[in-house]
Amino acid sequence: MGNNSSETRSVKPIFWISTLYFAMGIPFVTINAVSGIMYKDMGISDSRITFWTALIMFSWTLKPLWSPFLEIYKTKKFFVVATQFAIGILFALIALSLPMPDFFKYSIALFAVVAFCGATHDIAADGTYINFLTNKEQAKYIGWQGAFYNLAKIISSGVLVYFAGVLEKTQGVTNAWMIIMGIYGLLFFALAVYHYAILPKENKQEKSTKKAGNVRKELLEVIISFFKKKNIMWAVLFIILYRFAEGFAIKIAPLFFKAPRTVGGLGLSTSDIGLIYGTYGSAAFILGSVLAGYFIAARGLKKSLIWLCSAFNIPFVVYALLAYFQPAELLPVGVAVVVEYFGYGFGFVGLMLYIMQQIAPGEHKTAHYAFATGIMNLGVMIPGMFSGMISDWVGYKIFFIWVLVATIPAFIVTLLVPFSYPEKLKEQ
């Protein structure tokens, strides 16, 4: 239940929800997508880029393991402000590391700490949203939450990548990306100051009195009860394999766009990639997500799931077509990204609803939802780590054919995955 005291509600929630979820999206998108484009510009191989940028995303998988301990120490506002300030410092250090001879190992280590801070920030931000809003308000602002998270995608992988491409022409690659990383740093310093002033503060008497030992015991209970759920191993297999092909494709696609045509790439500029992903791709993703909600509402999740899986996985064929034909014009590339991202948004909703309705229900619903989404990320992280090695070995044409082969497990588990809870229960 939300906190409605006059002290904590002196500012309308929209003024901190918007900036909080915008701040949540930036680190994830920057590490998952933008860093790869930066490293490609600076001459790092696809295999090194994909392995390390995927590996350091592990913090978002593991965050349920330390989230309960944040209830013991300090407040949610403290962790939001502290992590944002820390992320600002880390981005500034990344900027300073780029001119160094061994810039990759220093910057990737700093990105790993950004990932840890970003995952911790997510926990505190979600906790703030849940703790300070009533159930009615949570429903009211959930659309704004998603909208500003997606705005972070547009700004980070669109506007700033486009700006990096513009700067490269006058400042050189290294200086261009130093400026971009510096902008990220300044942005998070500003967000930290803003949220220090505007975020609601927990009353001291509401602070948890739990001890670390009790939290460890509860966490163990949550994990054990999760794996005792009916049909849980089938469900875990489903949420991992549903995104298996995506893990390969999503890491290599922007690197393939950037690679010279002589090695099988499309030879696009950094600005072109920013334009395609940050505008057309993001808009298609949002549209697909919205339409999927209506589609599922009309048919039910069980009847819709195979169609959602198809929408999610079949569009990866566009990358195979691009690799085969290597179009010189930007239009077919933009159309391909729109098709793939629309299907991505449409199909991803089904996976999240399955977790919400078929895995999370029970005594520890919130914790089990967080635990399941963490496991889900493994299905993207693990293939992403090795995608560059495979593409370096076989080339982009064969690699994207392999991506299509990698969609087969998703269709098999989607057809076989059980529904442990009747869908009519969602109305109760």
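By convention here, the first residue in the shown sequence is residue 1.
In summary, the aromatic rings of Tyr21 and Tyr149 are positioned with their centroids too far apart to meet the 6.0 Å limit. Outside the 6.0 Å centre-distance limit, the rings of Phe256 and Tyr319 are not counted as a close aromatic pair. Residues Phe189 and Phe85 bring their aromatic ring centres within 6.0 Å. Between Phe257 and Tyr277, the distance from one ring center to the other falls under 6.0 angstrom. Two rings, from Phe400 and Phe248, have their centers 6.0 Å or more apart.
Relative orientation of the Phe91 and Tyr184 rings is parallel, given thresholds of 30° and 60° on the angle between their planes. The aromatic rings of Tyr242 and Phe312 sit tilted relative to each other, their planes meeting at an angle between 30° and 60°. The aromatic rings of Phe346 and Phe342 sit parallel to each other, their planes meeting at less than 30°, with 60° as the upper class boundary.
Taking NZ from Lys153 and OH from Tyr341, the interatomic distance works out to 7.0 Å, rounded to the nearest 0.5 Å. Rounded to the nearest 0.5 Å, atoms NZ (Lys229) and CD1 (Ile359) are 8.5 Å apart. Distance check: Phe116 CZ to Leu62 CG gives 10.0 Å after rounding to the nearest 0.5 Å. Remark: Gln326 CD to Leu321 CG distance equals 13.0 Å, nearest 0.5 Å. For the atom pair CG of Asp272 and NZ of Lys258, the computed distance is 9.0 Å after rounding to the nearest 0.5 Å. We find the CD-CZ distance between Glu340 and Phe285 to be 10.0 Å, quoted to the nearest 0.5 Å.
The side-chain heavy atoms of Tyr280 and Val337, taken from C-beta on, include no pair separated by under 4.5 Å. Using a 4.5 Å heavy-atom threshold, the side chains of Thr414 and Tyr354 count as separate. Leu191 has its side chain out of reach of Ile26: every pair of non-hydrogen atoms, C-beta onward, lies at least 4.5 Å apart. Taking 4.5 Å as the limit, every side-chain heavy atom of Asp122 sits out of range of all side-chain heavy atoms of Phe28. Between Ile306 and Phe411, the closest side-chain pair of non-hydrogen atoms falls below 4.5 Å. Looking at His121 and Leu20, their side chains come closer than 4.5 Å, going by heavy atoms from C-beta outward. The side-chain heavy atoms of Asn377 and Met57, taken from C-beta on, include no pair separated by under 4.5 Å. Between Leu268 and Leu330 there is a side-chain heavy-atom pair separated by less than 4.5 Å.
There is no side-chain donor-acceptor pair under 3.5 Å between Ser269 and Ser271. Side-chain atoms of Asp41 and Thr270 include a donor-acceptor pair closer than 3.5 Å.
Although no hydrogens or angles enter the test, the distance criterion places a donor-acceptor pair under 3.5 Å between the side chain of Lys77 and the main chain of Leu199. In this structure a side-chain-to-backbone donor-acceptor pair under 3.5 Å is present from Arg261 to Pro327. A donor-acceptor pair under 3.5 Å links the side-chain atoms of Thr83 to the main chain of Val80, judged by distance alone. Panel note: side chain Asn231, backbone Pro418; no donor-acceptor pair is recorded below 3.5 Å.
Of all heavy-atom pairs spanning Val339 and Val318, the tightest one is CG1-CG1, 4.0 Å. Counting all heavy atoms, side chain and backbone alike, Ala119 lies closest to Lys63 at O-CD, 3.9 Å. The two residues Phe419 and Lys302 come nearest to each other via the heavy atoms CZ-CA, 3.5 Å. The minimum heavy-atom distance linking Ser304 with Ile296 is given by the pair OG-CA, 3.9 Å. Residues His195 and Trp16 come closest through the heavy atom pair NE2-O, 4.1 Å. When every heavy atom of Thr407 is checked against every heavy atom of Ala245, the shortest pair comes out as CG2-CB, 3.5 Å.
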TODO: Go through the steps for Trp393 and Ser47 under the test side chain to side chain contact (heavy atoms under 4.5 Å, CB included), then give the verdict.
DONE: CA-CA 9 Å; Trp393 178 37; Ser47 57; over 6 Å; no
TODO: Before giving the answer on side chain to side chain contact (heavy atoms under 4.5 Å, CB included), spell out for Phe316 and Ile250 the whole-Å C-alpha distance, their side-chain angles and the decisive distance to 0.1 Å.
DONE: CA-CA 9 Å; Phe316 290 131; Ile250 209 73; 5.7 Å; no
TODO: Check the pair Met38 / Val161 against side chain to side chain contact (heavy atoms under 4.5 Å, CB included), numbers first and verdict last.
DONE: CA-CA 9 Å; Met38 179 185 77; Val161 170; over 6 Å; no
Task: Audit row: Ile31, Trp60, side chain to side chain contact (heavy atoms under 4.5 Å, CB included) steps and yes/no - done: CA-CA 12 Å; Ile31 295 173; Trp60 277 281; 4.0 Å; yes
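Atom CZ of Phe348 sits in a crowded spot, with more than 12 heavy atoms from other residues, nucleotides or ligands closer than 6.0 Å. Within a 6.0 Å radius of OH in Tyr194, other residues, nucleotides and ligands contribute more than 12 heavy atoms. More than 12 heavy atoms of other shown residues, nucleotides or ligands fall within 6.0 angstrom of atom CZ in Phe227.
With sequence neighbours excluded, the residues forming a side chain to side chain contact (heavy atoms under 4.5 Å, CB included) with Leu220 are Ile224, listed by chain and number. By the ring pair (Phe, Tyr, Trp, His ring centres under 6.0 Å) test, Phe226 is found to be paired with His368, Phe371, residues two or more places apart in sequence or in another chain being considered.
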